[in-house]
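Scope of the values below: all heavy atoms of this structure, side chains included, with no hydrogens, waters or symmetry mates. Indexing begins at 1, ligand by ligand and atom by atom, following the structure's order. Since this is a predicted model, take the numbers as computed values, not measurements.
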Amino acid sequence: QGPGAMKFQRQHMDSNSRPNPNSNYCDQMMKKRKMTVGACKPLNTFVHEPLKDVEDICIQRNIRCKNGQNNCHKSKSSMRVTDCRLTNGSRYPNCKYHTSPTKRQITVACVGNPYVPVHLDG
Ligand code: ATP
């Protein structure tokens, strides 16, 4: 696996858990996955689906990414995700997050050979 794919999995994949809105899921996961090192990452999404299903999004047709590149792909089906958003008043190094589980289609940017997700575009 290339560094981009590994970073994507660290930041965005959590296949083996069901989201729980009442838990401190995001506080724990944002720390565990190293997104509270140096600064609190303001916004991050975790995907609760098998890695294979997320990698298969790269087979969908190309669409325009937010940065203008055309290597983005949108999932056919909606996926279980948890959005983590930094709370107002949270101050580094004490990063506190809102945890919002939801289901939606996700868009990923894919690169390389194998052609795999390296960025979550929405
Ligand atoms: P974030 O939640 O911060 O958006 P991310 O999933 O976008 O996280 P980044 O840390 O931004 O992860 O890394 C994205 C990587 O993907 C960068 O190395 C970037 O060069 C690469 N990349 C490839 N294609 C795209 C694209 N179309 N749009 C954005 N990034 C892309």
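- Using a 3.5 Å distance cut-off with no hydrogens or angles, the side chains of His48 and Thr82 do pair a donor with an acceptor.
- The side-chain heavy atoms of Leu120 and Thr107, taken from C-beta on, include no pair separated by under 4.5 Å.
- For atom 14 (C) of ligand 1, a protein heavy-atom neighbour is found at a distance under 4.0 Å.
- Arg104 and Asp83 are joined by a salt bridge, as a carboxylate oxygen and a charged side-chain nitrogen come within less than 4.0 angstrom of each other.
- Here the side chains of Gln11 and Asn44 are in contact, with some heavy-atom distance below 4.5 Å.
- The hydrophobic clustering, which links ILVMFWY residues whose side-chain heavy atoms are closer than 4.5 Å, places Phe8 and Ile106 together.
- Atom 3 (O) of ligand 1 is flagged as protein-proximal [any protein heavy atom, distance under 4.0 Å].
- Within the listing of ligand 1, atoms 27 (N) sit less than 4.0 angstrom from a heavy atom of Cys65.
- Residue, atom and distance of the protein heavy atom nearest to atom 12 (O) of ligand 1 are Gln11 NE2, 3.3 Å.
- Atom CG of Asp14 and atom CG of Asn16 lie 7.0 Å apart (nearest 0.5 Å).
- Of the options Lys41, Arg10, His119, the smallest heavy-atom separation from atom 1 (P) of ligand 1 is shown by Lys41.
- Neither the backbone nor the side chain of Lys66 has a heavy atom within less than 4.0 Å of ligand 1.
- For atom 6 (O) of ligand 1, the closest non-hydrogen atom on the protein side is His12 NE2, 2.7 Å.
- Atoms of ligand 1 found under 4.0 Å from any heavy atom of Ala109 (numbered from 1 in listed order, with element): 24 (N), 25 (C), 26 (C), 27 (N).
- When only non-hydrogen protein atoms are considered, atom 28 (N) of ligand 1 lies nearest to Asn67 ND2, 2.9 Å.
- Salt bridge annotation for Asp27-Lys31: absent, with no cationic side-chain nitrogen under 4.0 angstrom from a carboxylate oxygen.
- Remark: minimum distance from atom 24 (N) of ligand 1 to any protein heavy atom is reached at Asn71 ND2, 3.0 Å.
- Between Leu120 and ligand 1, an N or O atom pair is found at a separation short of 3.5 Å.
- Considering Asp121, Thr107, Val118 only, the shortest heavy-atom separation from atom 21 (C) of ligand 1 involves Val118.
- Distances below 4.0 Å separate heavy atoms of Gln69 from the following atoms of ligand 1: 24 (N), 25 (C), 26 (C), 27 (N).
- Contact check for Gln60 versus Lys76: side-chain heavy atoms found under the 4.5 Å cut-off.
- Atoms of ligand 1 lying under 4.0 Å from any heavy atom of Val111, numbered from 1 in the order shown and given with element: 23 (C).
- Under the 4.0 angstrom criterion, atom 17 (C) of ligand 1 counts as lacking any protein heavy-atom contact.
- In this structure, cysteines Cys110 and Cys72 have SG atoms that are not closer than 2.5 angstrom.
- Legend: residues meeting ring-ring contact (aromatic ring centres under 6.0 Å, His included) with Phe46, ordered by chain and number and at least two apart, are Tyr25.
- Within the 4.0 Å heavy-atom cutoff, Lys7 counts among the residues contacting ligand 1.
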